[in-house]
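One structure below.
First listed ligand is number 1; within each ligand, the first listed atom is number 1.
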Amino acid sequence: MNTNISPAIKIEKTKQSKINDIDFNNLPFGQELTDHMFVCDFKNGKWQQPQIVPYQNLSLDPSSKIFHYGQSVFEGMKAYKDEDDNILLFRPLENQKRINISAKRLAIPEFPEDYFMEGLKTLLKLEKDWIPTTEGSSLYIRPFVFATGNGFHASPSDEYKFIIACSPSGAYFGGKVKVLIEQKYSRSANGGVGYAKAGGNYAGQFYPTQLAVDKGYQQVIWTDDTSHKYIEEAGAMNIFMRINDTLITAPTSERILDGITRKSLIEIAKDEGINIEVRKITVDELTNAAENGTLKEMFGAGTAAVISPIAGFGYQDKDYDLPVLEDTFAARLKKRITDIQYNRSEDKFGWRVVVK
Ligand code: PLP
Ligand code: COI
C-alpha cells in the first residue's frame with residue numbers, strides 16, 4: 001500500500017544518550033539498542049501519526065493478541081557508513097515489500113511504503129553516530145509489527161504497533177559452523193507461513209536447533225517437510241552448495257524465505273562468471289558429493305550473517321567434513337556484496353541507497 005502522503009513524523013528526542021556506554025570495538029550482535037525508535041499505531045482501521053520517541057519499554061494488556069496468537073512479523077536489514085560519512089542502505093525497498101508480504105499472510109494490515117521509508121530514513125539520520133565503522137560491523141535494523149488488540153477471541157487483532165529499532169552490531173557467527181541435516185522436524189510446510197518472516201517460524205526452530213546444539217552442531221539444515229530428502233535452508237539463512245565449480249541453491253517456494261542476500265548473490269555469481277544453478281538438491285546428492293570429494297563448499301546467506309561458511313555437516317549419525325580451500329566462492333561473493341554495501345566499490349546493480 002502506498003498512500004503517497006509523506007507522513008509528518010512527530011519527533012521526541014532523548015534527554016540522555018546512551019552512546020558513551022557502548023564499546024564500538026567489541027560489539028555483540030543485536031544486544032545494544034540505540035537511543036530512539038520509530039513507532040506507529042494502527043487503530044480505528046488506519047495507521048496513526050508516526051512518531052520517533054526515546055527507546056523505551058512498552059506497556060501491553062496481558063490479553064493482547066500477540067501473546068496468545070503470535071500475530072507478529074519482522075524484517076532484518078542493515079545500515080552502513082562509508083568513509084565520507086554517508087549513511088547507506090542495501091535494497092531497502094525489498095524489505096519494505098517483504099514485510100507486507102509477511103503481514104498479509106498473518107492478516108496484519110500492510111504498512112504504507114512512504115511511512116516505512118520516511119520513518120526509516122528519519123530514524124537513521126537521528127541515530128547516525130550509532131552506525132559502527134569497525135570492520136564487519138553495521139547498524140542492524142529491525143522493523144516489526146505485532147497485534148496489540150485485546151481479548152482471547154482467536155481472530156485477527158483490530159490494533160497493531162509497527163516499530164523500527166536499531167542495534168549497532170558485530171558479526172552474527174564467530175567463525176565456520178558445523179550443521180546437522182534435520183530428518184524429523186520441519187520449519188515450514190506447504191500452505192504454511194515459511195515464506196513469511198513470522199516470529200513463530202523462529203520459535204518453532206529453537207527446540208530442534210537446541211537438540212542439534214546438544215549433539216555438538218551450531219545450526220540445523222532444514223529439509224522439505226514431506227520427504228526430508230531435499231535441502232531447503234540453513235537455520236535462519238538461505239543455503240548455497242558448491243559441487244565442483246557449480247554453485248547450487250534451492251529454488252524459493254512457499255516453504256522458503258525469499259532472501260535478499262540470496263537473490264543478490266545469485267546476480268553477483270552470474271556477474272563473476274560462476275556457474276550457478278537454482279534447483280532442488282537432495283541430501284543424497286550432497287552426501288555423495290562429500291564422499292567423492294566434489295563437494296567443495298557450503299555456506300548460509302542472510303542479512304545478519306552475510307555469508308556464513310559451513311565447516312561440515314552431520315547426517316544420520318555420520319559426520320562429513322568440507323575441505324579447507326584457499327580461494328572460496330564464499331570469500332569472493334562476500335567481498336563483492338560487502339564492497340557494494342559499504343560503498344567500497346562501484347554498484348552496477350543499483351542496490352545501494354544513500355540516506356539523505
Ligand atoms: N531464511 C530465513 C528463514 C531467514 O530468516 C532469513 C533472514 O532474514 C533469510 C533466509 C535470509 O534473508 P535475507 O537475505 O533477506 O536477510
Ligand atoms: C536476518 O538475517 O536479518 C534475520 O532476520 C535472521 C535473524 C533471525 C537474525
salt_bridge(E272, R336) N-O dist < 4.0 Å: yes

So if I count the atoms of ligand 2 from 1 in the order they appear, which ones are less than 4.0 Å from some heavy atom of F74? 5 (O)

Distance from atom 5 (O) of ligand 2 to nearest protein heavy atom, with residue and atom: K197 NZ, 2.7 Å

State whether the side chain of K78 and the backbone N or O of A304 hold a donor-acceptor pair below 3.5 Å, judged by distance alone. yes

Which of the numbered atoms in ligand 1 are under 4.0 angstrom from any heavy atom belonging to Y202? 3 (C), 4 (C), 5 (O)

Determine whether the aromatic ring centres of F162 and F144 lie less than 6.0 Å apart. no

So is E94 in contact with ligand 1, going by heavy-atom distances below 4.0 Å? no

Note: R98-E75 ion pair, threshold 4.0 Å (strictly below): yes

With the threshold set at under 4.0 angstrom, would you say E75 reaches ligand 2 through any of its heavy atoms? no

Salt-bridge test for R187 and D225: reply yes if a basic N is under 4.0 Å from a carboxylate O, no otherwise. no

Inspect the contact between E346 and K348 and indicate whether a charged nitrogen and a carboxylate oxygen are less than 4.0 angstrom apart. no

K78, M237, R142: member with heavy atom nearest to atom 7 (C) of ligand 2: R142

Could you tell me which atoms of ligand 1, counted from 1 in the order shown, lie closer than 4.0 angstrom to a heavy atom of G259? 12 (O), 13 (P), 14 (O), 15 (O)

Any heavy atom of L257 under 4.0 Å from ligand 1? The part involved is side chain

Have a look at G302, A196, A236 and point out the one with the heavy atom closest to atom 6 (C) of ligand 1. A236

Shortest protein heavy-atom distance from atom 14 (O) of ligand 1, along with the residue and atom involved: T261 OG1, 2.5 Å

Under 4.0 Å from a heavy atom of A301: give me the atoms of ligand 1 that qualify, with their elements. 11 (C)

With heavy-atom distances below 4.0 Å as the criterion, list the atoms of ligand 2 near Y140. 1 (C), 3 (O), 4 (C), 5 (O)

More than 12 heavy atoms of other residues, nucleotides or ligands under 6.0 Å from CG of D327: yes or no? no

In terms of residue, atom name and distance, what is the protein heavy atom nearest to atom 1 (N) of ligand 1? E233 OE1, 2.5 Å

Please say whether the positively charged group of K178, taken as NZ for Lys or CZ for Arg, lies over the ring of Y217, i.e. under 6.0 angstrom from the six-membered ring centre and within 45 degrees of the axis. yes

Salt bridge present between E94 and K263 (N-O < 4.0 angstrom): yes

Provide the number and element of each atom of ligand 2 under 4.0 Å from a heavy atom of A304. 1 (C), 2 (O), 3 (O), 9 (C)

The answer for which part of K197 has a heavy atom under 4.0 Å from ligand 1 is side chain

Which ligand 1 atoms does T303 reach within 4.0 Å, using its non-hydrogen atoms? 13 (P), 14 (O), 15 (O), 16 (O)

To which protein heavy atom is atom 8 (C) of ligand 2 closest, and what is the distance rounded to 0.1 Å? Y202 CE2, 3.8 Å

Salt bridge check, D224 against K229: does any charged N sit closer than 4.0 Å to a carboxylate O? no

Is the closest basic N to carboxylate O distance between E291 and K318 below 4.0 Å? yes

